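Report on one structure; see the data block that follows.
Not measured: the values here are computed from a predicted model. Residue numbers begin at 1 in each chain, while the letters A, B, ... track the order of the sequences.
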2 protein chains.
Amino acid sequence: MKLKKISATTEERIKEAAKKVFVQKGYSGARMQDIANEAKINKALLHYYFRSKDQLFELIFMENVQKMMPKINSIIDSDDKLFDKIENFVAEYLGMLSENPFLPLFVVNELSSHPERFFQKIAPLANGNLKVNKFIQQIQDEAARGKIIPISPVTLLMNTISLCVFPYLGKPMIQFVFGFDELQYRMILEQRKKEVASFIINSIKK
Amino acid sequence: MKLKKISATTEERIKEAAKKVFVQKGYSGARMQDIANEAKINKALLHYYFRSKDQLFELIFMENVQKMMPKINSIIDSDDKLFDKIENFVAEYLGMLSENPFLPLFVVNELSSHPERFFQKIAPLANGNLKVNKFIQQIQDEAARGKIIPISPVTLLMNTISLCVFPYLGKPMIQFVFGFDELQYRMILEQRKKEVASFIINSIKK
DNA sequence: GCACTCGTTAACCAAATGGTTAAACTATGA
DNA sequence: TCATAGTTTAACCATTTGGTTAACGAGTGC
C-alpha cells in the first residue's frame with residue numbers, strides 16, 4: 001500500500017510497452033511475451049495487472065482514441081471562421097499525429113478487423129462521436145454566400161482528414177517511392193504543417 | 001497431366017481464398033485453416049501447392065503489387081499535360097482501388113510490419129520503382145511558367161495519393177463519423193472519381 | 001517476531017496453429 | 001488391367017501462445 005509509486009510505475013511500464021508492441025505489430029502480431037520483455041517483467045505479471053490480452057488491448061486502444069476525440073471536437077465544433085478553423089484543425093491534428101505517429105495505423109487496423117468492438121464501446125459514449133454538424137452547416141453557409149466554391153461538406157472533411165492522416169499510414173510506401181530516409185521524411189511531415197491548410201483553402205477559395 | 005484444368009482451378013481457388021483472408025485479417029491474423037475453409041479444401045493441400053504460409057503470402061502480395069505498378073507508371077510517365085495527367089492518374093488509380101478496395105490496407109500493413117521483405121523483393125525490380133522523375137520535372141516547369149502556383153512536386157504527389165487512397169484505408173472510421181452505411185459509402189467513393197481531380201487542380205491553379 | 005497483503009516469478013497447462021506423413025483416390029497411358 | 005503420377009485427405013506432430021498456479025518475497029501493522 002505504501003510503495004504505490006512502484007506498482008504504478010510497473011503498470012505504466014506495461015501500458016507503454018503494450019502500446020508500443022500493439023501499435024508496431026497489430027493485435028494478432030503482438031505476443032504477450034513481447035510486451036512482457038519490453039516492460040522487463042514476467043509474463044504472468046501482465047495477467048496480474050490486465051486479465052487478458054483482449055482486455056489489455058482494448059484498454060490501450062480506448063485510452064488512445066479517447067485522448068484524440070475531445071481535441072478534434074473542440075476545434076471542429078468551435079465558432080472560428082471556416083478558413084481559421086481549417087488551419088486550426090490541420091495544425092492541431094498534425095501536431096497530435098506527430099506525437100503519435102503510429103496511432104493511425106493502429107486505429108485503422110483495429111477498426112477494420114473488429115469494427116463491432118469499436119462501435120459497441122465507443123459509439124455509446126456521446127462524447128465519442130465527432131461533432132461535425134456545426135462544421136457542415138458552416139461549409140454550406142459559406143458556399144451559399146459565395147465565399148467558397150460549392151463543395152459537399154463530406155468531401156471537404158474527408159479530403160482534410162486524408163491529407164493529414166495518409167502520410168502517417170503510407171509512410172513506408174512513400175519513403176520507398178521517393179527514396180526518403182527517416183530524417184528527410186520527418187522534415188516532409190514537418191513541412192506539411194504549413195502546406196496542408198493552404199492546399200485545402202486554395203482548392204475551395206473563389 | 002490431363003486434368004490440369006482441375007488442378008489449376010484448385011490453385012486458383014486457393015489464391016483467391018488466400019487473398020481474401022490475408023487482406024481481411026492481415027498476415028498474422030490469417031489462419032491456414034481459414035484459407036483452406038474458404039477454398040473448400042483440406043489444409044494439407046495448401047502446403048502441397050504452396051509450401052508455407054510465408055511463401056503463399058509473399059506470392060499473393062507480390063502478384064497484387066506488381067499488378068498495380070505498371071498501370072500507375074504508364075500514366076505518371078506519359079506525355080500528357082499536367083492537368084490531364086492528374087485527371088488520368090486519379091481516374092485510373094481510383095478505378096483500380098474500387099476493384100481492389102482492401103489492397104491499400106493490405107499493402108500498408110505489410111510494408112509497416114515487414115518493410116525488409118518488401119524492399120528486398122520489389123526494389124531490385126527496375127519496373128517496381130515508380131517513375132516519378134518526368135512528373136516531377138513537369139510540375140517544376142509548369143510552376144516556372146507561372147501556370148500553377150509554386151508547389152513542391154513531392155507535396156503534390158503525396159496529396160494526390162492521399163486523396164485517392166485514404167478513403168479506402170479509413171473507410172470504417174469515416175463511416176462511423178458520418179454514419180454512412182455500405183451503400184452510401186460506395187456512392188461517396190464513386191462520386192470522388194469526379195471530385196478529387198478538380199479538387200487538386202483547383203488548389204494549384206493560378 | 002508474526003501474520004497478512006500485495007507484487008513478482010518460475011513452472012506448468014491446454015488450445016491453437018503451421019507443417020508433415022502416409023495412405024487413398026483418380027485419371028491416364030501402355 | 002495395371003503401373004504410374006498427380007491430387008486429396010485424415011491423422012499426427014512440434015512449437016507457439018495465452019493463460020494459470022503455487023510458491024516466494026518484501027513491506028506493514030500488530
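- A:A36 comes within contact range of no nucleotide atom at all, as no heavy-atom separation falls under 4.0 Å.
- Within a 6.0 Å radius of NZ in A:K134, other residues, nucleotides and ligands contribute more than 12 heavy atoms.
- If you take CG of B:L56 and C1' of C:dG19, they are 13 Å apart, rounded to a whole angstrom.
- Residue B:A44 is the one, among B:A44 and A:M32, whose nearest nucleotide of DNA chain D lies closer to the 5' end (criterion: closest heavy atom).
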* Passes ring-ring contact (aromatic ring centres under 6.0 Å, His included), A:F106 versus A:F102? Steps please. -> CA-CA 6 Å; A:F106 185 46; A:F102 296 112; over 10 Å; no
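- B:N42 places its CG atom 6 Å from the P atom of D:dA10, with the value rounded to the nearest Å.
- Considering only side-chain N and O atoms, A:Y49 lies under 4.0 angstrom from the phosphate OP1 or OP2 of C:dT8.
- Between B:T10 and D:dT8 there is a side-chain polar atom (N or O) within less than 4.0 angstrom of OP1 or OP2.
- Between A:F61 and A:F57, the angle of the ring planes stays under 30°, which puts this pair in the parallel group of the 30/60° scheme.
- When distances run from any side-chain atom of A:K43 to the nucleotides C:dG19, D:dG19, C:dT9, the shortest one goes to D:dG19.
- Taking atom CG of A:L45 as the reference point, atom P of D:dC24 lies 18 Å away to the nearest angstrom.
- Per the geometry, CG belonging to B:N37 stands 12 Å off P belonging to D:dT9, to the nearest Å.
- The cationic group of A:K71 does not satisfy the cation-pi geometry with A:F89, failing either the under 6.0 Å distance to the six-membered ring centre or the 45° limit from the ring axis.
- One can place CD1 of B:I35 at 14 Å from C1' of C:dG19, the figure rounded to the nearest angstrom.
- At least one side-chain nitrogen or oxygen of A:R31 sits closer than 4.0 Å to the OP1 or OP2 atom of D:dG18.
- Picking from C:dC6, D:dT9, C:dT9 the nucleotide with the shortest atom distance to the side chain of A:I41 gives C:dT9.
- Here the P atom of nucleotide C:dG7 and the CZ atom of A:R13 are 14 Å apart, to the nearest Å.
- Taking only distance into account, the side chain of B:K53 never meets the base of C:dG19 through a donor-acceptor pair shorter than 3.5 Å.
- A straight line from CD of B:Q55 to P of C:dT20 spans 10 Å, rounded to a whole angstrom.
- Rounded to an integer number of Å, the gap from B:L46 CG to C:dT20 C1' is 14 Å.
- Panel note: side chain A:N64, backbone A:I60; a donor-acceptor pair is recorded below 3.5 Å.
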